[in-house]
Amino acid sequence: MNFKALFKTTLLTTIVLVGLSQAALQARRPRLTLAVTAPGMPAAIAPNPNLLLGNPSQATAIDRNNLLVARPQYVLSYNADRGIPNWTSWQLNASWLGNLPRRLFMPDTTLGAGIPVVTQNDYNGSGFDRGHMVPAADRNRTPEDSQSVFLMSNILPQAPDNNQGPWEKLESYSRDLVRQGKELYIIAGGTGDGGIGKNGPATTIARGKVAVPKMTWKVIVVLDGPSATPAITSKTRVIAVSMPNEQGIKDMPWQNYRVSVDAIEAITGYDLLSTVPKRTQTALEKRVDSL
Ligand code: MN
Ligand code: MN
């Protein structure tokens with residue numbers, strides 16, 4: 001066999017092997033096909049496991065400031081005037097975790113006509129981090145998963161001390177829970193106007209194109225483990241936090257920012273956990289996690 005033929009054979013074998021291992025990875029990931037429905041939730045996206053907890057703002061495919069973006073990796077509501085997501089929602093279990101390297105940030109050009117495209121450069125020199133809502137390390141098993149969370153529609157201007165401090169610690173803690181076997185359903189976003197970044201206070205960056213939220217918030221429902229029929233009861237652990245989007249909090253523990261889900265519903269105006277039966281929802285939402 002000459003060198004050229006050997007090279008061809010090796011390349012072909014590599015492609016086949018990569019293809020096979022991708023297929024194996026896909027096959028290992030349990031795909032929930034729940035019939036989750038809630039008022040206003042389009043039937044077509046109901047089986048998306050990332051939207052198990054419901055559509056907090058009744059986002060739709062045609063409302064530019066409450067635009068429903070449903071991907072296999074997450075679901076979010078995008079706000080065109082603010083240039084950031086209103087909320088993002090995703091499932092987290094061990095099947096999503098891998099170790100692919102971080103990707104380059106990319107503009108999201110899928111949002112539709114008339115929606116300004118935020119680019120990675122819009123954050124340059126702003127004093128705010130490109131803050132992932134769905135974290136990079138929650139979606140790093142396949143190149144497609146990785147790239148999806150580096151789209152700028154999943155990003156908002158986060159004060160470095162928030163992003164790299166208690167916010168990151170809670171993200172790591174979430175993955176610790178997953179490594180212990182848990183399955184999480186998470187909703188996160190930013191709310192209010194104006195944060196304090198490395199260059200001081202700002203209500204917008206990129207000459208008004210991108211809004212800086214005042215707070216970042218997150219709700220995490222902790223289930224015992226992956227299940228085809230996830231059951232949320234009044235005993236289910238729910239972690240809710242609301243953190244100021246400010247410098248100076250880097251060394252604070254994430255636990256300092258625990259609040260009730262009710263408190264987050266009050267500041268955002270959303271109905272969180274809307275697919276959970278009302279009695280259970282009421283019980284879960286008034287509690288503050290203390291574990
Ligand atoms: Mn981050
Ligand atoms: Mn609710």
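Note that the numbering runs from 1 along the sequence shown for the chain.
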Quiz prompt | Phe150 six-ring centre to Arg103 NZ/CZ under 6.0 Å and within 45° of normal | solution =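 Arg103 over Phe150 ring: no.
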
Looking only at heavy atoms, what is the nearest atom pair of [X] and [Y], with distance?
| X | Y | value |
| --- | --- | --- |
| Pro72 | Trp96 | O-CH2, 3.5 Å |
| Asp129 | Pro160 | OD2-CA, 3.4 Å |
| Gly181 | Pro226 | O-CD, 3.6 Å |
| Thr110 | Asp108 | OG1-OD1, 2.6 Å |
| Ser77 | Asn66 | OG-OD1, 2.7 Å |
| Leu223 | Ala231 | CD2-O, 3.6 Å |

Practice problem: Dump the intermediate steps for side-chain contact (heavy atoms from CB on, under 4.5 Å) on Leu92 and Arg139, then the final yes or no. | Solution: CA-CA 9 Å; Leu92 187 60; Arg139 291 291 183 267; 4.0 Å; yes

Give a yes or no answer on whether the side chain of [X] reaches the backbone of [Y] with a donor-acceptor pair at less than 3.5 Å.
| X | Y | answer |
| --- | --- | --- |
| Asn65 | Ala80 | yes |
| Asn245 | Pro157 | yes |
| Arg279 | Ser234 | no |
| Asn48 | Asn50 | yes |
| Lys182 | Ser174 | no |
| Asn162 | Pro244 | yes |
| Asp161 | Gly248 | yes |
| Arg141 | Ser95 | yes |

Practice problem: Run through Asp122, Thr204, Asp81, Thr119 and flag the one making a side chain to side chain donor-acceptor pair (under 3.5 Å) with Lys209. | Solution: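 Between Lys209 and the candidates, side chain to side chain donor-acceptor pair (under 3.5 Å) is satisfied uniquely by Asp122.
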
Could you give the distance from [atom1] ([X]) to [atom2] ([Y]), rounded to the nearest 0.5 Å?
| X | Y | atom1 | atom2 | result |
| --- | --- | --- | --- | --- |
| Ile186 | Glu171 | CD1 | CD | 8.5 Å |
| Gln158 | Gln164 | CD | CD | 9.0 Å |
| Tyr78 | Leu111 | OH | CG | 6.0 Å |
| Thr60 | Leu67 | OG1 | CG | 7.0 Å |
| Ile239 | Leu177 | CD1 | CG | 6.0 Å |
| Ile196 | Glu246 | CD1 | CD | 4.0 Å |

Can [Y] be reached from [X] by stepping across I, L, V, M, F, W or Y side chains whose heavy atoms are under 4.5 Å apart?
| X | Y | value |
| --- | --- | --- |
| Met215 | Leu156 | no |
| Leu97 | Val149 | yes |
| Met106 | Met133 | yes |
| Leu100 | Phe105 | no |

Answer with yes or no whether the side chains of [Y] and [X] bring together a donor and an acceptor at under 3.5 Å.
| X | Y | value |
| --- | --- | --- |
| Asn154 | Arg130 | no |
| Trp167 | Thr216 | no |
| Gln91 | Tyr185 | yes |
| Glu168 | Ser172 | yes |

Practice problem: Can you spot which of Val261, Thr233, Ile232 makes a side chain to side chain contact (heavy atoms under 4.5 Å, CB included) with Leu284? | Solution: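 Checked Val261, Thr233, Ile232 against Leu284; only one passes side chain to side chain contact (heavy atoms under 4.5 Å, CB included): Ile232.
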
Quiz item: Hey, which of Ile84, Ile205, Thr203 is the one that makes side chain to side chain contact (heavy atoms under 4.5 Å, CB included) with Val212?
Solution: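 The residue from Ile84, Ile205, Thr203 that satisfies side chain to side chain contact (heavy atoms under 4.5 Å, CB included) with Val212 turns out to be Ile205.
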
Any heavy-atom pair between the side chains of [Y] and [X] that's under 4.5 Å?
| X | Y | result |
| --- | --- | --- |
| Leu151 | Tyr74 | yes |
| Pro49 | Leu52 | no |
| Tyr123 | Val118 | yes |
| Asn86 | Tyr270 | yes |
| Pro116 | Arg64 | yes |
| Met152 | Val117 | no |
| Arg71 | Ser153 | yes |
| Gln120 | Pro107 | yes |

Practice problem: Assess whether atom CG of Asn199 is packed by more than 12 heavy atoms of other residues, nucleotides or ligands within 6.0 Å. | Solution: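 Above 12, so yes.
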
Quiz item: More than 12 foreign heavy atoms under 6.0 Å from CG of Asn99: is that the case here?
Solution: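 No, not enclosed.
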
Practice problem: Take Ile187 and Trp217 through the test side-chain contact (heavy atoms from CB on, under 4.5 Å) and record every step on the way to the result. | Solution: CA-CA 8 Å; Ile187 311 174; Trp217 58 269; 3.8 Å; yes

Exercise. Dump the intermediate steps for side-chain contact (heavy atoms from CB on, under 4.5 Å) on Lys214 and Thr191, then the final yes or no.
Key: CA-CA 6 Å; Lys214 184 180 172 66; Thr191 192; over 6 Å; no

Quiz prompt | Residues Asp193 and Arg82 bridged, charged N to O under 4.0 Å | solution =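 Answer for the salt bridge query: yes.
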
Practice problem: Run the numbers on Leu53 and Trp90 for side-chain contact (heavy atoms from CB on, under 4.5 Å), then give the verdict. | Solution: CA-CA 9 Å; Leu53 300 177; Trp90 69 105; over 6 Å; no

